[in-house]
Amino acid sequence: MPNIEILDPARHDKLELRDSAASGPAHLVPVLAPELRELAIEMPVVLVKNPETGAFGLFALTGFRSGENLFLDPLDRWQSDYIPYDVRRRPLIMVRREGHPDGVIAIDLDDPLVCDGACGGEAAGRPLFASTDGQPSPIDERRPVLTAIMAGAEATRALIDALTEHDLLAAGRIEVSDETGDFALEGFYTIAPKAMTALPASSLERLNKSGLLFAIHLLQCSMANVPVLLRKRAEATR
Amino acid sequence: MNPIRKIVIVGGGTAGWLTAGTLAAMSRENDGQPLEITLVESPNVPILGVGEGTWPTMRRSLKRMGVRETDFIRCCDAAFKQGAKFARWVDGGDGDYYFHPLVLPQAYFETNLVPSWLDGRNGSFSRAVCPQEAVCEAGKAPKKITTAEYAAVANYAYHLDAGKFADFIRDHCVANLGIRHVYADMTHPVPDENGDIAAIETLQAGRIDGNLFVDCTGSRSLLLGGHFGVPFKSCRDVLFIDRALAMQVPYPEVDSAIASHTVSTAQKVGWIWDIGLQSRRGIGHVYSSTHSGEDEAAERLAAYVRTAGGDPGSLPIRGIAFEPGHRERFWQGNCVAVGQAAGFLEPLEASAILLIEIAAQFIGEQMPTTREAMDVVAARFNRTFRYRWDRIIDFLKLHYVLSKREDDAFWTDNRDPGTIPESLNEALRLWEFQPPWHDDFDRAVEVFPAASYQYVLYGMGFATMPNPRGISPSLSERSHELFAQNVHDAAAMTQALPMHRELLDKIAQHGLAKV
């Protein structure tokens, strides 16, 4: 469970951050529409419903079972060329607060990246607020990421709204087999195979003008990464 | 050749609008030049708007018309229905109840679980073979907020406000399906030379021509009964119930649990329905006027409402009288009756809206291309629906025949052999020795599957004799695997599903997705 506090230099100045740590039991990483261009050539991007509201969210698929992230090396460092904002922002997060239209920065104190005091051991940490060796401080590194996340939320919402409005989504299913047996990954949604060809010209024009058509094609293309990811999984478990 | 192009539906309500929407949707799907459909509705006849139960077929009907399930649930005060709980039907005692769920028994198309269940006889039949009784008793919904519209975790139908439903379907039909809606009172049908109806004359909109007329004028049956004189066939000699008293009862608290099944509680005379809508409960008492006066019936209803936490003295009560039965034919010439114009029975198994749906579907699927083809379609329609009415009457009667109640002549009269149709008697003679199974029935047109007969027979303690040839080891083993599977499924579903009201609140707030 996250333990989120508004970031306060007085209270949090002793915190250090590790360079890497597993992000918990996730095979789905929340992503934003502006990231699709980079993401789509490396990983499948799918839609998943929020279990509480049923609302669609946009996610990169990094594995086929809970907790499986095939883009992490044995030291939990990301191996993809492009690393999603949601990974780079950690453990910081923007929260809405009255009187702060752009949100305020908060921190998840239970994120495994956070050490209260010096991290010690092999995975030495860096103080949250201090720049070291001419490198910007962890907080300064993350500021542009947090800004991009705030800026990307609306475009993501618009993409999801267009996908539902034009009935472009269909439930997906990926068959996986390994030495423990066969199973299927379900509970995610992709662009329905024939949905785009069925769209009337007027809808296509509207989607094109709003820039969403390209994003939809990227979503479609991103699914070509599924067999690549399955091969990666087979190699990793061999 | 006389092509069929214009359909005139006389009468609105659930029957008129469901038929209009279904015919329009099917024609648009299949015809290069879709049918022109006009619905003529009197501005003066009030719609019978009681809370009603549907069958799971309603999901298909709504989807076919292009209705969003989210909109339907929001606009019609609708809730989910996962079957019916019959209380006090066998001996009238406190622990006397059984379920007729909508989920079929485990591996229903492969294994008949009845012989093995009868052999062990461990508790409720429906609880042993299907997970839905456990889901209902836990107050859970049949799906989650992440489940797509019309998709189910556990098979379901709806409880809905019939008045709101007719308005909702009307708005949808007019806005999206190109149906012409005319508010006018019919004065008389205009006959054609061949005996068909050529047109109807109306007070406000003049003459309206058509090739096929659908009579949805309710119990008045103005075209089929009135114009064509097709006789009404009463079945009060079999099913005695001919009166209803209905009330709308608020929930005690805004967050009171909503039952996701109909509760039918047997009374000294007749029975009481209790269906949960989002905003209120619809509670009503049906009884036989031969066996009870209205005052006694009203007292029984008031007593039930009090135990349900309501204040019957402060609530209006509405009485309805009806003759149970149906027309001898449903399609005559170029006129077919749908809904109460075709017939009406007590709502014990929610057959009223179901019959509208399957009639509209039959008409839509077999829609005659020309007048020349119509007589054959009409003959087939009449055969099929006569069979369906007979099976529904048998199935309703089964509930009364299996009761052991002795507290009133209503119950003992119901078991008088002279009141039991021969078709039901024959089936009961068979079931005494072997349980209902698929091939007992003509499955192509069957209304109730063999599973429904199983749920009612064994829910009510009917004793089918063990097979003298015994149960093979493989059938016994397979059956016990399925019983174990069912225990697992019931626990898993009950755990995973949200509370019924919680899901309805979430649908109101967030909606369901189409996929």
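Quick note on labels: first sequence line is chain A, next is B, and so on, each numbered from 1. All values reported here derive from a predicted model rather than from experimental measurement.
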- What residues, two or more places apart in sequence or in another chain, satisfy side chain to side chain contact (heavy atoms under 4.5 Å, CB included) together with A/Ser80? A/Glu42, A/Met43, A/Phe71, A/Trp78, A/Ile83
- Query: Would the number of heavy atoms belonging to other residues, nucleotides or ligands and lying under 6.0 Å from CD of A/Glu5 be above 12?
  - Reply: yes
- Using the test side chain to side chain contact (heavy atoms under 4.5 Å, CB included), find all partners of A/Pro2 that sit at least two apart in sequence or belong to another chain. A/Ile4, A/Asp108
Donor-acceptor pairs, chain A vs chain B, cutoff 3.5 Å:
from	atom 1	to	atom 2	distance (Å)
A/Lys49	NZ	B/Thr146	O	2.6
A/Lys49	NZ	B/Val515	O	2.6
A/Glu52	O	B/Lys506	NZ	3.0
A/Glu52	OE1	B/Lys506	NZ	3.1
A/Asp167	OD1	B/Lys514	NZ	2.8
A/Asp167	OD2	B/Lys514	NZ	2.8

- Item | A/Pro74: partners by side chain to side chain contact (heavy atoms under 4.5 Å, CB included), with sequence neighbours left out | none
